[in-house]
Amino acid sequence: MAKGRSPMTDVEDRLRKLRSLGVHKGTAHLKPAPPARRRYPVEDLVAGRVVENEAGAFYLVEETFPLHHAHGAPTLGDLLACPCDVPARLARDPAIADMDYRRAAFLDIETIGLAGGTGTVAFMVGLGFYEDDALRVEQYFMRDFPEEPAMLTALARRLDEMDWLVSFNGRGFDLPILTTRFIMNRMPPRLADAPHLDLLFPARRLWKSRLESCRLSALEKAILGFYRDQADVPGYLVPQIYFDYLRTGDAREIARVFYHNLYDIVSLAALAGHMCRLLHAPDTATAVPGEDLLRAAALLEQAGDAARAEAAYRRAIASPLSPEAREEALHHLAVLLKRQGRRDEAREIWRALAEARYGADVAALVELAKDCEHRQRDYAAALAYTEQALARVQAWPPGAQKTRALAELQRRAERLRGKALAGGGAA
DNA sequence: ACGTAAGAGTGTATCCAACG
DNA sequence: CGTTGGATACACTCTTACGT
């Protein structure tokens, strides 16, 4: 602190500056302009009702969509037609296989910012759930900060009826924020440790390879074929819209946030349906690109669902596919078959891959060499495959990969030459 | 019976995207 | 701003099967 000046002088200086800015009037000058508040209250712009409970009041908006409602290509009933082990594979959480779709909470919140942690408040919570052959969406909205306890109280009551969650990036965003809001309001958090199907991660695995972006808005268009109307707002505008609404009381833009949040929930259900259908019954989904089938197969394979993975690989191979993608599908199918001990079927695929004109499939040649060496003890044939592979790798562009592959193949060739000479010779 | 090596499966570190 | 987990690359361990 400056010499010769008391702390109080310092404070008084600052107060004087603030007074000159009009801050001494408290927040009065920030109060909503009365005319706007009268003309555009949220209650007049978004059909809903004020709900009162022991913690106060908040605004609740409800909407219902029948199961046959089409959201782009999928309908909202698609998900219910899949057995629950499919979302369990998607989420890599076996617990979901025992869950009930009627007790799944589709969750999406709107907040005052992106910074996670304690400072971020969810001013709107969208919650979807299946009920009576419909998808019901409830939107919990606080018209001002003091309404948060009432909003969370009602929300908690509803969440207590739910067993598991479906979200888009909710694991890293929506759920932690909601959990801290409950804690800040001295309420027990809900569903914090519940099984959670976060669609972002399986979506990346399915579409990262062919889509620029895997944001929900991008998937809506590219995968679901759903296009939002003019009422929608981009997510990055949401915090500013809420602050402006708090300041002016003008809820016209808030109406668009309701629309945005509502269709985020509907997209969540539709996307979950599409993804599960893609894994469970790819034949029934319309116009699924071969590449999606290939990625679905790979996902199923990693999830340990060999039967569905095989079906998906075969379906991918039967669809229009780039030569590279077809090669990948065939190779993975062969590995899958080999792992199941179906070596004859696997060998046929590797032969086809090795002979394909476009094929530079070194992996297939290596597999054939392994098969000859270990299964059939035909060292000469194994050596021949290895040398073919060597020739193909020679044509690769220089680099660490090439060096490594060459080294490995040469080791293999050396070993095989030894074995062949040692008398285990070729037929 | 033993040592060796291939193959399969795991673990670690790093990078990146998506959420309003 | 923070949190999450998938992808990637790489090293490592464990199992298996073979040759001696």
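Computed from heavy atoms alone, side chains included, the values below leave out hydrogens, waters and symmetry copies. Chain naming here is simple, since letters A, B, ... match the order of the sequence lines and numbering starts at 1 in each.
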Using a 4.0 Å heavy-atom cut-off, does [X] contact any base of the nucleic acid, only the sugar-phosphate backbone, or nothing at all?
X	result
A:Ile112	nothing
A:Asp264	sugar-phosphate
A:Ser167	nothing
A:Asp174	nothing
A:Tyr242	nothing
A:Leu237	nothing

**OP:** Using the test ring pair (Phe, Tyr, Trp, His ring centres under 6.0 Å), find all partners of A:Phe258 that sit at least two apart in sequence or belong to another chain.
**Re:**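 If we apply the ring pair (Phe, Tyr, Trp, His ring centres under 6.0 Å) test to A:Phe258, skipping adjacent residues, the hits are A:Phe141.
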**OP:** Heavy atoms of chain A, cut-off under 4.0 Å: which first and last nucleotide of DNA chain B, 5' to 3', fall inside that, if you could look?
**Re:** B:dA6 to B:dG20
Original post:
Does some side-chain heavy atom of A:Trp207 sit less than 4.5 Å from a side-chain heavy atom of A:Met275?
Top reply: yes
Subject >> 4.5 Å side-chain heavy-atom contact, A:Leu60 and A:Phe58 >> reply: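 The answer is yes; the side chains approach within 4.5 Å.
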**OP:** Could you summarise the pairing of DNA chain B as dot-bracket text, marking Watson-Crick and G-U pairs under 3.5 Å with ( ) or [ ] inside the strand and | across strands?
**Re:** |||||||||||||||||||.
**OP:** Evaluate the side chain to side chain contact (heavy atoms under 4.5 Å, CB included) criterion for residues A:Arg252 and A:Tyr245: first the C-alpha distance (whole Å), next the side-chain angles of each, then the deciding distance (0.1 Å), finally the verdict.
**Re:** CA-CA 8 Å; A:Arg252 280 175 293 179; A:Tyr245 159 76; over 6 Å; no
Original post:
Where along residues 181-211 of chain A does a heavy atom fall under 4.0 Å from DNA chain C?
Top reply: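 Within residues 181-211 of chain A, the residues near DNA chain C are A:Phe201, A:Arg205.
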Original post:
Which residues, if any, of residues 292-307 of chain A bring a heavy atom under 4.0 Å of DNA chain C?
Top reply: none
Original post:
A:Phe226 and A:Tyr263: aromatic ring centres closer than 6.0 Å?
Top reply: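 Yes.
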Original post:
Are A:Tyr130 and A:Tyr101 close enough that their ring centres sit under 6.0 Å apart?
Top reply: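 They do not qualify: ring centres at least 6.0 Å apart.
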Under 3.5 Å, is there a donor-acceptor pair linking the side chains of [X] and [Y]?
X	Y	result
A:Gln240	A:Tyr242	no
A:Asp264	A:Ser267	no
A:Glu301	A:Tyr313	yes

**OP:** Please state how far atom CG in A:Leu114 lies from atom P in C:dT3, giving the value in whole angstrom units.
**Re:** 13 Å
Subject >> Length of the CG-P vector between A:Leu165 and C:dT4, whole Å >> reply: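 Answer to the nearest Å: 14 Å.
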**OP:** Indicate yes or no: does A:Arg342 engage A:Glu310 in a salt bridge with an N to O separation below 4.0 Å.
**Re:** yes
Original post:
Charged N to carboxylate O under 4.0 angstrom, A:Arg190 versus A:Asp160?
Top reply: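 A salt bridge is present here (some side-chain N lies under 4.0 Å from a carboxylate O).
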Subject >> Option from A:Glu63, A:Glu62, A:Glu161 for which salt bridge (Lys or Arg N to Asp or Glu O under 4.0 Å) with A:Arg136 holds >> reply: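 Of the listed residues A:Glu63, A:Glu62, A:Glu161, the salt bridge (Lys or Arg N to Asp or Glu O under 4.0 Å) partner of A:Arg136 is A:Glu62.
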Original post:
Out of A:Val121, A:Thr111, A:Val125, which one pairs with A:Arg181 under the side chain to side chain contact (heavy atoms under 4.5 Å, CB included) rule?
Top reply: A:Val121
**OP:** Ignoring backbone atoms, establish whether A:Tyr379 has a side-chain N or O less than 4.0 Å from OP1 or OP2 of C:dC18.
**Re:**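 Answer is no, no contact under 4.0 Å.
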**OP:** Just jot down the side chain to side chain donor-acceptor pair (under 3.5 Å) partners of A:Glu367, sequence neighbours excluded, or say none.
**Re:**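 A:Glu367 satisfies side chain to side chain donor-acceptor pair (under 3.5 Å) with A:Lys338, A:Lys370 only.
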